[in-house]
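Numbered from 1 within each chain, the chains take letters A, B, ... in sequence-line order.
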Amino acid sequence: MSTQSMTLSEAASKDLLRRHGVPFAPEHVAGTIEEAVAAARAVGLPAVLKLNGDRIAHKTERGLVRLGLATEGAVAAAADELLAAATPEDGPVSLLVAPMLRGTRELIAGLLTDPQFGPVVMLGVGGVLAEALGDVAFRLAPLDLDEARSLLDDLRLQSILGPFRGEPAVDRDAVAAVLVALAEVAAAEPGVVSVDLNPLIIVDGRPIAVDALVETTEVRS
Amino acid sequence: MTDHSGFRALFDPRGVVVAGASSHPGKFGFVALHNLLSQGYRGEVFATNREGGTILGVPTVPGIDDLPTGAVVDLVVVCTPAGANEDLLRACARRGIRAAFVTSAGYGEAGEAGRAAQESLVALADELGILLAGPNGQGVVSTPSALCAQIVAPYPPAGRIGVASQSGNFVSSFLNYACQTGVGISRAVSAGNAAAVTVPDFLDFYAHDDATAVSLAYVEGITDGRAFYDRVRAVTEHKPLVLLKGGATAGGQRAAASHTGALATDDRVFDGACRQAGITRAATVEEAFEAAASFATQPLPRGPRVAVITTAGGWGVVTADAITRSSLELVALPDDLRARIDTLLPPRWSRNNPIDLAGGETRDTIPQVLDIVASHPDVDSVIYLGLGIQANQGRMEEEGPFYPDHGLERIVAYHQRQDARFAAAAAEVSTATGKPILTATELAVADPANAGPRTVRETGRLCYAASNRAVQALEHMWQHARWRARHGLA
């Protein structure tokens, strides 16, 4: 399955997921340094810049994500560097410009096609320690809001879902709604093999996806 | 599976024939007949043996066609070699036999030729309208009919747990626990190769079987997880299902490019499917049995709030710790309940939950405290600790050099009566309030003859061998109760 699959660019991934109700931060696609600076002004500083392209799956590992850009000068410099870092293998690229979201808690959510159970939805404790912690839980799609709520109960680290370091408790229904949206993607988009929302940052208690990767068996334009 | 007549023939046959009965006590054909005859089966028993003769008092006939005219037989226990079984099934069909338990090996587990033979046997049974259990299975037990048609021990006490297992030896393990704890079994079947009737098929029957209150299953090597999920989801709507799963599910390649794929182990996904389906998944054999025994003998809790009643501090503290680590809740003692207990106990009692009686109990205190605590609307279940300690001292006195003098005979009998009363009160209050009351003491295994645990067994309930195991079982019940409530199921 994985051999025939392809990944969508971050922008295309987000477009697809946004249609099914996954909440994302406002974001602009920019082709040039000037467009990037204008976009940063629009979303508000500090900003985040990422290099975007269909064949770019692991941006962090390649240093293609620049966080906390506080001035327009910093945005321009980062845009210049990222565009220069693109290789011919990356194909057509652009820049994603988003506001720098502040939240101390990160979750990870996803969808995958299990060889035994078909489409399954995942929720876990996210961030750089996500795989080391392995605090994740699964449900089979389709999924209603009630069942999605029970998925939150399965996480071991319940304490981070409550009030945390001056931030309010996680809005469980809002997280559950993201999971339901992922299950809807499975039903509505049969070509989708997997989805990663990593991280799902908790901002003022509400989940906002800041990165998305959709893997699909179909070639999409 | 809507037509359960084949299952009725398997579990409640009016008569049974052992095909391939043997006079050699080392052979399965002997053991099957022996076990069938020795546990009080109420129907008529027949046996076939090519050489004829009488085995264990049963006059054998050469073949199924030679059974006496008018003999009513519903089940054949097949102990003949694989090669003989197709002719055997045809003869059984001619006699109106509706179910076959095939112990014979040499089928799906025995290479390509065996697999072909198995497919052929399944097709034939299907054509003949015979329910085919096995092959290569250890047999079937059904206490409502006192049926012990298996080639292994033990025969369990009667009860309400229905066992279905892909491993025959796990059936024996569960039945051994039933014998040890006294919490009994309704039906038990070893699915063997499960060529025609699978574990989910048996579970589906149990879901509709009045004799069964809870199913207990062992599975391994699930080949279609989604189909398995869909089947058992329909079972848990009717009754709790406790599941022990061995090994990994049959693997396959998952999406590799995603973090989600990297985090999705077989076990995690299976666990999610179990939670979604309302399955009570246990990690060990004893956890599985004790969860099933709890479902079979206790009412479901209506909420997470637990009160602990103990005759000694340390036990209560450790149990409170276990509750705190679980999804259950150690209820803060309501003022009105505290005030009522104050009237029964001297002031040194804990005045909080755990309710430590601190040795302040008099003759009737424990039954009274059990009653007022369990009856309180803020309490959903009770764990009772300390049963049997008086009878335990009584045992030392009874076995010591001074018995029966010095008033020992009288005091030992009193201690035993008291512990028996406490155990009986726990069951009575639980029944009256409709709330679980779990009694835990290591004396359940350290001295099963102690009047406390012995009386718990006599009430039909499980005496938990440790309080953490009671907490674990109660948590399983609470999780299932919550799942039922979430799905609007009674």
For B:F174, which residues count as a ring pair (Phe, Tyr, Trp, His ring centres under 6.0 Å) partner, sequence neighbours excluded?
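Once residues adjacent in sequence are excluded, B:F174 has no partner under the ring pair (Phe, Tyr, Trp, His ring centres under 6.0 Å) criterion.
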Kindly compute the distance separating [atom1] ([X]) from [atom2] ([Y]), expressed to the nearest 0.5 Å.
X      : Y      : atom1 : atom2 : value
A:F138 : B:L263 : CZ    : CG    : 6.5 Å
A:L151 : B:Q276 : CG    : CD    : 8.0 Å
A:E147 : B:H487 : CD    : NE2   : 4.5 Å
B:R486 : A:R149 : CZ    : CZ    : 10.0 Å

Most contacts with chain B, counted as non-hydrogen pairs under 4.5 angstrom, among A:V195, A:N198, A:D154:
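Looking at each of A:V195, A:N198, A:D154 in turn, A:D154 comes out on top.
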If I measure from the heavy atoms of chain A, does B:D271 come under 4.5 Å with its side chain, its backbone, both, or neither?
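Neither; nothing under 4.5 Å.
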Mind listing the closest non-hydrogen atom pair of A:F117 and B:G225 along with its distance?
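Here A:F117 and B:G225 meet closest at CE2-O, 3.2 Å.
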Treating B:R226 as the side-chain partner and A:L140 as the backbone partner, does any N or O pair qualify as donor plus acceptor under 3.5 Å?
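A pair under 3.5 Å: no.
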Donor-acceptor under 3.5 Å (A:Q116 side chain, B:I222 main chain):
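Checked: pair present.
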Chain B-proximal positions within residues 169-183 of chain A [heavy-atom distance under 4.5 Å]:
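Result: none.
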Could you tell me which residues in residues 128-135 of chain A have at least one non-hydrogen atom under 4.5 Å from a non-hydrogen atom of chain B, sorted by residue number?
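Answer by number: A:A130, A:E131, A:G134.
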Sequence-distant partners of A:E106, salt bridge (Lys or Arg N to Asp or Glu O under 4.0 Å), two or more places apart
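For A:E106 there are no salt bridge (Lys or Arg N to Asp or Glu O under 4.0 Å) partners, ignoring immediate neighbours.
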If you count heavy atoms of other groups shown closer than 6.0 angstrom to CZ of A:R206, is the number above 12?
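Incorrect, the count does not exceed 12.
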Hey, is CG on A:D146 packed in by over 12 heavy atoms from elsewhere, all under 6.0 Å?
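It does: A:D146 CG has more than 12 such atoms within range.
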Dump the intermediate steps for side-chain contact (heavy atoms from CB on, under 4.5 Å) on B:R275 and A:R139, then the final yes or no.
CA-CA 8 Å; B:R275 287 167 186 270; A:R139 289 290 184 277; 3.9 Å; yes
